[in-house]
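Data first, discussion second: the structure below is written as structure tokens.
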Protein chains: 2
Amino acid sequence: MEERKRSDQSNPYPSHGSGMESAQVRGKVGDTLEGTIAFRVVVALRDDIVSMALKPGDVISESDIAGRYGVSRQPVREAFIRLAQQGLLLIRPKRATVVKKISPDGVRQSRFIRESIEVEIIRRVASRPGTEAAEVLAKLILDQEAASAANDSRRFHKLDELFHRTLARLAGVEYAWQLIDDHKMQLDRVRYLTLGVSSSQRAIAEHKQIAEAVARADVAGAEAAMRAHLGRAEVLLNQTIEDFPDYFE
Amino acid sequence: MEERKRSDQSNPYPSHGSGMESAQVRGKVGDTLEGTIAFRVVVALRDDIVSMALKPGDVISESDIAGRYGVSRQPVREAFIRLAQQGLLLIRPKRATVVKKISPDGVRQSRFIRESIEVEIIRRVASRPGTEAAEVLAKLILDQEAASAANDSRRFHKLDELFHRTLARLAGVEYAWQLIDDHKMQLDRVRYLTLGVSSSQRAIAEHKQIAEAVARADVAGAEAAMRAHLGRAEVLLNQTIEDFPDYFE
DNA sequence: CTCTGCAATCTTGTATGGTAGATGCTTCCG
DNA sequence: CGGAAGCATCTACCATACAAGATTGCAGAG
């Protein structure tokens, strides 16, 4: 069940959605509203949307969801507000609330944002040849190969995400990753439509190129490898738009 | 009264807070919840926070604000949720809600994010010597000089923002600017503490350098000028932390 | 004098009823 | 047969009441 844990507010400072996972101690987590009904509804709905159980264009309503989860309308309403701000729902006052369709241009700009930040991150990491970086990255790639060999695509996806977040941590801007993570939700919906063909082999090869460039402090090489790695998402998007035109604007 | 207009949801796709201003027609704005009480409370509170009328660390409560605005607790509560997701409030369940203190590290990472994106933007713009760009930027700089001469710091601040957002538009990633704008709120609080010493002269000079590099399609030069321009915020932050330690974590 | 525990009173979270706007169908008139 | 007015029925928005955790201060026991 995995239980994606998000703080959803009290986000450690500038970002919005947040996304600290893999439950370390992380300061004190005590001050958040994880135990509330509204929070549970947010998590459930977000998972349903990202996993495409709720499809873009589907109309839902406060009473509808409230009844389905056996709770009152109030926490559902608050969940709607949060998800609307995260760009997953569209609240049309007095009319209805619909699962937002995916905006191709929006996804492209999310990719632009991600590439901008990750390029800057990889530059920082590669320009400081820290001994820790090489080891950690190498180990992660080994894990990815194991997951790929075992055909565990879910685990591979998590490791892929961890690889990128680790780079952010090494650059000292882990919160910046939370931002990328929020925007990645949009792309994750696309990714979910094309599951199985993830071609993890190629991704692993690209990760190796990035890690090797970092190890030899090759800034330009690392940047090029990262751009190539992220650039592949573009063709994925275009293909998906053709296959599922109804889910896009 | 200026009336900062934000969509606050139904944001055109990936971003969160949004921030389309300067009220053009802008597609159709019809489907938003601008007329609601909750929305008015959001706007009022955000202005109070950014303008430091509500200071970091101040404790507020739903009933408190509800009484102050003569409305019920419900819309206030929803406003709190939105502002908490934007990183301006911290809701501590069953305890209280406080105006979030400014996190120095958070501000630095916001700056990192902004620099990453704006550098990528300026590269795009400079690598395409579009004839429109040079004219528009030159005109904006003229306006800035006028505002500076008239000592109208408020207008200058808006023109400064418009300069950067125009670059985003020229690069075809205007939504990316909304993201920067959200994060800029944090830095704007800092800026408000040091009003008047904005040294608009230097900012204008830097804008000129950027615009000129763009005009001659000098990618590297434009990037360097942009980095220098944005880098100045760092010293501003450090100075402010010393002057107002209570407002920071 | 110090510490423990209870109770008043804060806070936010949840439930529910009522209101106004938007939609779509029916019905009535031309 | 075609079109417009009216009404049933959706929706999200708002107000209010209640519930439950957290805090504070005071009182009483040691």
Side-chain angles (χ1 to χ4, degrees), chain A residues 6-11 28-45 49 54 57-100, chain B residues 6-11 28-45 49 54 57-100:
Chain A
R6 300 209 177 213
S7 57
D8 200 64
Q9 73 114 1
S10 85
N11 40 1
K28 48 180 170 186
V29 208
D31 287 318
T32 183
L33 39 76
E34 299 189 5
T36 68
I37 295 180
F39 182 81
R40 289 206 311 271
V41 176
V42 167
V43 173
L45 281 179
I49 293 172
L54 285 175
D58 281 359
V59 299
I60 56 186
S61 82
E62 295 175 359
S63 328
D64 175 19
I65 303 296
R68 191 181 310 175
Y69 286 86
V71 300
S72 136
R73 279 163 25 224
Q74 179 68 18
V76 175
R77 174 174 176 74
E78 298 179 1
F80 279 15
I81 293 174
R82 289 183 164 89
L83 293 170
Q85 255 190 340
Q86 295 187 9
L88 293 179
L89 292 182
L90 174 63
I91 301 175
R92 300 194 316 197
K94 308 297 178 64
R95 266 178 288 259
T97 295
V98 305
V99 179
K100 213 164 187 177
Chain B
R6 299 207 179 217
S7 57
D8 200 64
Q9 73 114 1
S10 85
N11 41 358
K28 49 178 171 187
V29 210
D31 303 296
T32 184
L33 38 76
E34 300 189 6
T36 69
I37 296 181
F39 182 80
R40 289 207 311 270
V41 176
V42 167
V43 172
L45 281 179
I49 293 171
L54 285 174
D58 280 0
V59 178
I60 57 184
S61 84
E62 296 174 359
S63 331
D64 175 18
I65 303 295
R68 192 180 308 175
Y69 286 85
V71 300
S72 140
R73 256 187 58 205
Q74 181 67 19
V76 175
R77 176 174 176 75
E78 298 177 3
F80 278 17
I81 292 174
R82 288 184 164 88
L83 293 170
Q85 258 190 333
Q86 296 186 7
L88 293 179
L89 291 183
L90 174 62
I91 301 174
R92 300 193 317 195
K94 309 297 180 69
R95 266 178 288 262
T97 295
V98 304
V99 179
K100 213 165 189 178

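Every chain is numbered from 1, with letters handed out A, B, ... down the list of sequences.
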Residue-phosphate contact under 4.0 Å: [X] side-chain N/O, [N] OP1/OP2:
{"X": "A:Ser72", "N": "C:dT14", "value": "no"}
{"X": "B:Thr97", "N": "C:dT12", "value": "yes"}
{"X": "A:Arg73", "N": "C:dT14", "value": "no"}
{"X": "A:Ser61", "N": "D:dT11", "value": "yes"}
{"X": "B:Arg95", "N": "D:dT23", "value": "yes"}

Please report the distance, rounded to the nearest Å, between [atom1] in [X] and [atom2] in [N].
{"X": "B:Asp64", "N": "C:dT12", "atom1": "CG", "atom2": "P", "answer": "9 Å"}
{"X": "B:Arg40", "N": "D:dC14", "atom1": "CZ", "atom2": "C1'", "answer": "12 Å"}
{"X": "B:Phe80", "N": "C:dT14", "atom1": "CZ", "atom2": "P", "answer": "16 Å"}
{"X": "A:Leu89", "N": "D:dA12", "atom1": "CG", "atom2": "P", "answer": "11 Å"}
{"X": "B:Gln74", "N": "C:dA15", "atom1": "CD", "atom2": "P", "answer": "13 Å"}
{"X": "A:Leu90", "N": "D:dT11", "atom1": "CG", "atom2": "C1'", "answer": "14 Å"}

Taking the minimum atom-to-atom distance to the side chain of [X], which one of [options] wins?
{"X": "A:Lys94", "options": "C:dT14, D:dG21, C:dA22", "value": "C:dA22"}
{"X": "A:Glu78", "options": "C:dA20, C:dT12, C:dT14", "value": "C:dT14"}
{"X": "A:Pro75", "options": "C:dA20, C:dA15, C:dT12", "value": "C:dA15"}
{"X": "A:Glu62", "options": "C:dT12, D:dA15, D:dC13", "value": "D:dC13"}
{"X": "B:Arg77", "options": "D:dT11, C:dT12, D:dC14", "value": "C:dT12"}

Most 5' of B:Ala96 and A:Ile37 on DNA chain C, judged by nearest nucleotide:
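Counting from the 5' end, the first nearest nucleotide belongs to B:Ala96.
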Got a second to check how far B:Ile65's CD1 is from B:Arg77's CZ, nearest 0.5 Å?
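Going from CD1 on B:Ile65 over to CZ on B:Arg77, the span is 14.5 Å.
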Within-4.5 Å side-chain heavy-atom neighbours: [X] and [Y]:
{"X": "A:Thr97", "Y": "A:Glu62", "value": "no"}
{"X": "A:Ile60", "Y": "A:Leu89", "value": "yes"}
{"X": "A:Ile37", "Y": "A:Tyr69", "value": "no"}

How close do B:Glu78 and B:Ala38 get, heavy atom to heavy atom, and via which atoms?
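Looking at all heavy atoms of both residues, the shortest contact is OE1-CB, 3.8 Å.
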Name the nucleic acid region contacted by A:Ile81, choosing base, sugar-phosphate or nothing; use a 4.0 angstrom heavy-atom cut-off, strictly under.
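Touches nothing.
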